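A short worksheet on the structure shown next.
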Amino acid sequence: MTSHAASHRAMAVLRPAVTCVGLVVLWAALARWGHVPPYMLPAPDAVARALWAGRAQLEPAALTTLEETLLGLGIGIGAGSALAIAMALWVPLRRWVMPMVLLSQAVPVFALAPLLVLWFGFGMASKVVMAVLVIFFPVTSALGDGLRQTEAGWMDLARTMGATRWRVLVHIRLPAAMPAFATGVRMATAIAPIGAVVGEWVGASSGLGFLMQTANTRFQTDLMFAALAVLAAMTVLLWWGVDRLLARALYWRPAHADID
């Protein structure tokens, strides 16, 4: 069992690594023999050089975007969880509020970004609000579904034993909803940087989105790709960290085997 587990972990790392290497090789071949101008598709080695040469710009930009993303995640997860719990405790609130939550997702984030910059300014606040809006629905929806799908037998047993609504929520409904909530948090972690970067595209003075937009206007496509690579790496690492944290927090949940 130990060797099987080690082999499984090794393959879990090897598969994405092989995929990434394959994509880079395809990218290099297309850039070299695909007759694509460098200003449209720079070669991987040119992006690597831009990544090293522009590290003085990329590092503070990445830190700014990461800070906006983390703040948006914290506020969005907290607000989404609070609303989901409130709707679970008071059903009429769901009928009034849920349509507005859905409406917030019907409006494209690109349309909201200029308004948020106008209302909250060019600083960090507008980007954090944008990240919150992007992740609010997945968290609220996932936790709300988990709370509504609690095993009916557990609920009946708790009522039979005289448990109050608060005790049922804390001791039965919330623990049962944690796997669904974890799925929502993972999804929110993956898309939270989108909100921050979109806000930076519309109006900012720092961040990876601002750097990409500036590089694009100057036809520095290699630097733009370098900023995009940093953003992708940051998102993957953030998702991996949240996934590991959730796996430890939900240690009691049985692991599901992959079906090959």
Side-chain angles (χ1 to χ4, degrees), residues 1-2 4-6 8-9 12-13 66 69-105 128-129 131-195 235-260:
M1 292 296 292
T2 304
H4 177 73
H8 182 75
R9 293 193 188 97
V13 174
L66 179 61
T69 301
L70 291 176
L71 285 173
L73 267 177
I75 297 172
I77 291 173
S81 301
L83 181 59
I85 293 172
M87 290 190 298
L89 289 174
W90 191 37
V91 177
L93 180 64
R94 173 179 170 79
R95 302 193 186 104
W96 285 94
V97 174
M98 201 59 188
M100 291 186 290
V101 175
L102 293 172
L103 182 62
S104 70
Q105 300 302 303
V128 172
V129 173
V132 170
L133 288 177
V134 168
I135 71 172
F136 183 78
F137 179 75
V139 173
T140 305
S141 178
L143 181 56
D145 287 344
L147 289 170
R148 288 196 306 275
Q149 294 174 8
T150 307
E151 185 69 31
W154 299 350
M155 301 286 289
D156 293 338
L157 179 60
R159 294 191 186 99
T160 302
M161 298 179 67
T164 62
R165 292 180 64 188
W166 179 253
R167 287 184 175 273
V168 169
L169 174 69
V170 173
H171 297 289
I172 296 179
R173 299 185 71 183
L174 276 176
M178 283 300 102
F181 174 66
T183 300
V185 171
R186 290 187 181 96
M187 185 184 303
T189 303
I191 64 178
I194 297 175
T235 303
V236 169
L237 289 174
L238 183 60
W239 185 91
W240 180 83
V242 170
D243 180 65
R244 292 299 88 200
L245 183 64
L246 290 171
R248 288 182 178 273
L250 301 179
Y251 63 91
W252 46 267
R253 184 188 181 192
H256 295 280
D258 293 334
I259 300 176
D260 296 327

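Only heavy atoms go into these numbers, but all of them, side chains included; no hydrogens, no water, no symmetry mates. Everything numeric in this text was worked out from a predicted model, so none of it was measured. One is the number of the first residue; the rest follow in order along the sequence.
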Locate the shortest heavy-atom distance separating [X] from [Y]; write the atom from each residue and the value.
X: Ala188; Y: Val139; result: CB-CG2, 3.9 Å
X: Arg186; Y: Ala247; result: NH2-N, 4.4 Å
X: Gly76; Y: Ile135; result: CA-CD1, 3.7 Å
X: Ala177; Y: Gly146; result: CB-C, 3.4 Å
X: Phe136; Y: Ala79; result: CE1-C, 3.6 Å
X: Leu246; Y: Ala182; result: CD1-O, 3.6 Å

For the CD1 atom of Ile77 and the CZ atom of Phe181, what is their distance to the nearest 0.5 Å?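 Here the interatomic distance stands at 6.0 Å.
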
Roughly how far, to the nearest 0.5 Å, is the CD1 atom of Ile191 from the CG atom of Leu73?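 Reported to 0.5 Å precision, the distance equals 9.5 Å.
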
Kindly state each residue pair satisfying salt bridge (charged side-chain N to carboxylate O under 4.0 Å, His left out) with at least one member in residues 136-146, sequence neighbours excluded.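 Listed by first then second residue: Asp145-Arg148.
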
side-chain contact (heavy atoms from CB on, under 4.5 Å) involving [X] - partner list, sequence neighbours excluded:
X: Ile75; value: Val128, Val132
X: Ala88; value: Leu147, Arg173
X: Ala131; value: none
X: Ala84; value: Thr140, Leu143

Which residue is it: Thr235, Val134, Leu66? I am looking for the one with a side-chain contact (heavy atoms from CB on, under 4.5 Å) to Pro193.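 Single side-chain contact (heavy atoms from CB on, under 4.5 Å) partner of Pro193 among Thr235, Val134, Leu66: Thr235.
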
